[in-house]
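The next block holds one structure in the form of structure tokens; read it before the comments.
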Amino acid sequence: MASSGTSTKTLILSAATSAAASAFFLREFVPSSIQDQVFSAFNGLLYRLSNQLTIVVEESEGYTPNRMYKAAETYLASAVVPSASTARRLRVNVSYDDDETGGDPDSTDVRSAAVQITIDKGEEVVDFYKGVKFLWRVAIRESNRNSGVRNRGRFRFFYDHGGPTEVKYYELTFHKRYRDFAIKSYLPHILDQAKAIRDEAKILKLYTNNEEQMWSPVKLRHPATFDAVAMDGKKKQALIDDLSRFVQRKEYYKRIGKAWKRGYLLYGPPGTGKSTLIAAMANFLRFDIYDLELTEVRSNAVLRSLLINTSSRSILVIEDIDCSAELQQRDKEKKSKPKEEGSPNDDESKVTLSGLLNFVDGLWSSCGDERIIIFTTNYKDRLDPALLRPGRMDMHIHMGYCDSAGFRVLASNYHSLKEHPLFAEIDSLIETVEVTPAEVAEALMRSDDVEIALKGLIKLLTDKRREADEAKKKEEDASTSVKQGCQEEITAELSGSE
Ligand SMILES: Nc1ncnc2c1ncn2[C@@H]1O[C@H](COP(=O)(O)OP(=O)(O)OP(=O)(O)O)[C@@H](O)[C@H]1O
Ligand SMILES: [Mg+2]
């Protein structure tokens, strides 16, 4: 009796102590072929005697992959395993789909984000969430049916070979008292974290419409971030806040029955960072970009098909809409010209900007989530007022000439420079001339030597200042000579009439 009491106590004690010890025991003393069965039986016994609860997360349920399994895999690989000290065997995987090598098997140019470290079969890792301990164990069991789903990149394969197969699963063990907390808080936390990790690691794509009137993608490698964009600080913060609010408002857009989309108009002279800002927005949101060359689109039917074939969580960009004067002209013609009897129906063949916006409203309210549309122009005043009216573009953002705050951002980007004795001279010059951030960036990039680069910029600003002064003087001279001419004419007329 006493001895059975002692053995029960031992088992309870074992259950309460880390299961890592039992895993160690199994690895050392039990043949690997039956380790899983023994571990499960052992766990079952412990479970009955202990205060622990285990949730099983299998790779797939029938033919359907289990999102929770994929999320746990991503979460553990990125957030838990790399810092876990208990696991003794780790697996490493670099996928050809995700790497930066373009599929070249010999390349070693692999981003660290593409390296996935996971725990091996039978290993365990501990994760603490809000002070609660969660133990993860990866396991494999044999299934009688050799069928299921395999994901290969974007493709999903169903297979059914007959005969037994291996089914991967995780066991998540924690104290019984945290049952609700685990289901309602910890598991959703893993789904959210996995999404954020995947978004971060995702290689963005830039799509452009080609001659075949279809989208062709390339990897978007633009490194722009909001930190690196030189623009008014308040405007930048307002834009970041607007984007952050937008992506969190799924329920709001659903409730008000509107398409979950947001429109931005970026305007300003060439070289002020409109395209750079778009790349920064894409990088911030982890959205792909669809760069639509509207003048290449043959008909409204093609436009519709292109728009349908953009994915959710993407940015549709139409650059230089002032250059699409033809498109605006078409808009005006359509409004003014009554249709002639028997004339071909132009509505279906011609693409217009307002037509595009109507499509976008109609299409995106019925399909797809989280769409952003951005128009850029060098001349806002040349745009049809209908395009600018409220509801069409939610935010108008002016990208202007470089000021001293903008210069600081660029100096930090290009030379990691926060302060320098030459800054005072640059500050006083830059506020009095029209210089674009692109021109400043180019001057700063001319030399790796900070002194030479800054002096080059001072020369550029001084030249611009002189040119502006000369132009002003010429203008003044011209108006003085006109005034003098008028004066002489008046005097001559007066003396003639005397
Ligand atoms: N505001 C800015 N912040 C940081 N870099 C900038 C900025 N503006 C311009 N640059 C630099 O100048 C280059 C050209 O800028 P960008 O193409 O973004 O200008 P743009 O406004 O789109 O010009 P365009 O009207 O001709 O299309 C960028 O690659 C970037 O290096
Ligand atoms: Mg541009």
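Both ligands and their constituent atoms are indexed starting at 1 by order of listing.
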Can you pull out the closest protein heavy atom to [atom]? Residue, atom name and distance to 0.1 Å, please.
atom	result
atom 4 (C) of ligand 1	Ala228 O, 3.3 Å
atom 14 (C) of ligand 1	Ala438 CB, 4.0 Å
atom 3 (N) of ligand 1	Ala230 N, 2.8 Å
atom 21 (O) of ligand 1	Lys274 NZ, 2.7 Å
atom 6 (C) of ligand 1	Pro437 CB, 4.0 Å

For Ser275, is at least one N or O under 3.5 Å away from an N or O on ligand 1?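 Checking ligand 1 against Ser275, an N or O pair does fall under 3.5 Å apart.
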Is Gly271 in polar range of ligand 1, meaning some N or O pair under 3.5 Å apart?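 The answer is yes, given that Gly271 and ligand 1 share an N or O pair closer than 3.5 Å.
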Between Tyr401 and ligand 1, which part of the residue brings a heavy atom under 4.0 Å of the ligand: side chain, backbone, both or neither?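 Neither part.
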Just let me know how Asn378 lines up against ligand 1, side chain, backbone, both or neither, with a heavy-atom cut-off below 4.0 Å.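 It is the side chain that gets close, since no backbone atom is under 4.0 Å.
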So, are [X] and [Y] salt-bridged, with charged N and O less than 4.0 Å apart?
X	Y	answer
Lys205	Asp288	no
Arg466	Asp463	yes
Arg408	Asp427	yes
Glu73	Lys70	yes
Asp199	Arg313	yes
Asp232	Lys236	no
Lys274	Glu319	no

Option whose closest heavy atom lies nearest to atom 8 (N) of ligand 1, chosen from Ala224, Gly273, Cys402: Gly273
Option of least heavy-atom distance to atom 28 (C) of ligand 1 (set: Leu266, Leu410, Thr276):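 Answer by nearest heavy atom: Thr276.
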Verify the distance test for Thr376 against the Mg ion (ligand 2): any N/O/S atom under 2.8 Å, yes or no.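 So Thr376 does not bind the Mg ion (ligand 2) by this criterion.
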More than 12 heavy atoms of other residues, nucleotides or ligands under 6.0 Å from CD of Glu475: yes or no? no
Counting only heavy atoms from other residues, nucleotides and ligands, does the tally under 6.0 Å from NZ of Lys235 exceed 12? yes
Does some non-hydrogen atom of Tyr414 fall short of 4.0 Å from ligand 1?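 Per 4.0 Å heavy-atom rule, Tyr414 contacts ligand 1.
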